[in-house]
Amino acid sequence: MKAAAEKAARNDTRSLSSLIEKVLTDHLKAEGYLGGTATSTLGNEPHLAKR
């Protein structure tokens with residue numbers, strides 16, 4: 001899995017950490033834990049948001 005993720009990151013011109021952050025952010029937005037833009041932070045306690 002790590003090799004595939006590293007390849008995906010390279011193909012997207014990202015570091016592995018950057019790819020993981022993007023994928024996690026996209027998932028949290030899709031599930032309603034984050035609103036707004038990709039620059040939103042987790043400091044607003046999104047886990048307490050109503051779904």
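Side chains are part of it too, since the values below use all heavy atoms of this structure and drop only hydrogens, waters and symmetry mates.
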How long is the span from the CD atom in E6 to the CG atom in N11, to the nearest 0.5 Å? 12.0 Å
Check for me, please, whether L24 and L34 land in the same ILVMFWY cluster - side-chain distances under 4.5 Å, paths through other members count. yes
Holding to side-chain hydrogen bond (donor to acceptor under 3.5 Å, both in side chains), I want the full list of residues that pass it with K7, two or more places apart in sequence or in another chain. none
List the residues meeting side-chain hydrogen bond (donor to acceptor under 3.5 Å, both in side chains) with R14, not counting sequence neighbours, and say none if there are none. D12, S18
Which pair of non-hydrogen atoms, one from L19 and one from A9, has the smallest distance, and what is that distance? CD2-N, 3.6 Å
Rounded to the nearest 0.5 Å, how far does OG1 of T25 lie from CD of E21? 5.0 Å
